[in-house]
Amino acid sequence: MPPGFLRLALAWIALMLLWGLEFGITFIDMPPSVRPVILVVAAVMVGIIGVFFMHVGQGPTVVRGFAVVAIFWMMILIGLGSLDPLTRLQYFTQIDHPG
Amino acid sequence: VYATGLAFIRVGKVRELLLCCGLTLILGLAFLYLKFGLEWMDDIRKHTFFADPAFKYTGPDAAGAHLFYFFYFIGTALHGVHMLVGVALVAIIMWRAWRGAFTALDHSAVEITGVYWSFVDMIWMVLYPLIYLIGRT
């Protein structure tokens, strides 16, 4: 195996464990306001990819700064974009065309 | 898998890079097929596509469901476009590696493609819980 493979493998195992945690949390009955806590786990996973797969930490300060800002903006865009559909209590909808 | 290929080319192992790229392509295309060939088709058949005149959900609160499916289709479509670009880039890397374009000292294109591929991963790490998990709790 190439140098650094163990580091990659450990990062991958950590991602799998975090995915399991993320999925497991969904079985807990949570009020809508607490649901975004799942995104904390997602943020840690994003951080692992950035550090271990993209080697963001090894770049110059400017590159690291841009990387953090890009991730921040991505989370704001996707998070705010989905805020409304994800915070409603229930959809009392009528199905006219059952699939 | 691609990151492992990158680690291999850093020590000059081209054949291993080719294998990793090939596996990356297979997994990427499998994802695209599952997402768009199966899941999207099933969703569209069930009239959940936001522009479908016979949209599945009706009633006073149907706008919420409409908004969610709008986000779902646009979000996954944009991710799919990024995936397609990534798959094409990995295929180009594979072709160039096959022609002997990369060495342990000269493989910038492999590194840059790796950064892009990881970024596409990152987007999915955020999209996945938003679409599939938060609504389950």
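All values derive from a computational prediction rather than experimental measurement. So you know, we letter chains A, B, ... as the sequences are listed, proteins then strands, and number each from 1.
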Apply the side chain to side chain contact (heavy atoms under 4.5 Å, CB included) test between B/Trp124 and each candidate in B/Met83, B/Lys35, B/His82; give the one that qualifies.
B/Lys35
Are B/Phe31 and B/His79, when compared by the centres of their aromatic rings, separated by less than 6.0 Å?
yes
Which residues in residues 40-54 of chain A have any heavy atom lying under 4.5 Å from a heavy atom of chain B?
A/Ala42, A/Met45, A/Val46, A/Ile49, A/Gly50, A/Phe53, A/Met54
When only heavy atoms count and the cut-off is under 4.5 Å, which of residues 8-18 of chain A reach chain B?
A/Leu8
Could you walk me through whether B/Leu23 and B/Tyr2 pass side-chain contact (heavy atoms from CB on, under 4.5 Å), step by step?
CA-CA 8 Å; B/Leu23 194 53; B/Tyr2 187 88; over 6 Å; no
Spell out, as yes or no, whether a donor-acceptor pair under 3.5 Å connects the side chain of B/His66 to the backbone of B/Phe50.
yes
Give, as side chain, backbone, both or neither, the part of B/Leu127 having an atom under 4.5 angstrom from any heavy atom of chain A.
side chain
Hydrophobic clusters join Ile, Leu, Val, Met, Phe, Trp and Tyr when side-chain heavy atoms are under 4.5 Å apart, directly or via other members; which others share one with A/Val62?
A/Phe66
Looking at A/Phe23, is its backbone amide N or carbonyl O close enough to the side chain of A/Thr26 to form a donor-acceptor pair, meaning the two atoms are under 3.5 Å apart?
yes
Co-membership, hydrophobic cluster, residues B/Ile74 and B/Phe36, 4.5 Å side-chain
yes
Considering only heavy atoms, which portion of B/Phe70 lies under 4.5 Å from any heavy atom of chain A: side chain, backbone, both, or neither?
neither
Do B/Trp98 and B/Ile93 belong to the same hydrophobic cluster, where Ile, Leu, Val, Met, Phe, Trp and Tyr are linked whenever their side-chain heavy atoms lie under 4.5 Å apart, directly or via other members?
yes
Any residue meeting side chain to side chain donor-acceptor pair (under 3.5 Å) with B/Trp40, in chain and number order, not counting sequence neighbours
B/Thr76
Output field: ring centroids B/Tyr69/B/Phe49 closer than 6.0 Å:
no
Pick from B/Asp121, B/Thr4, B/Val11, B/Asp42: which one has the most heavy-atom pairs with chain A under 4.5 Å?
B/Thr4
Would you check, one step at a time, whether the test salt bridge (charged side-chain N to carboxylate O under 4.0 Å, His left out) holds for B/Lys46 with B/Asp43?
CA-CA 5 Å; B/Lys46 288 178 179 167; B/Asp43 290 331; 5.9 Å; no
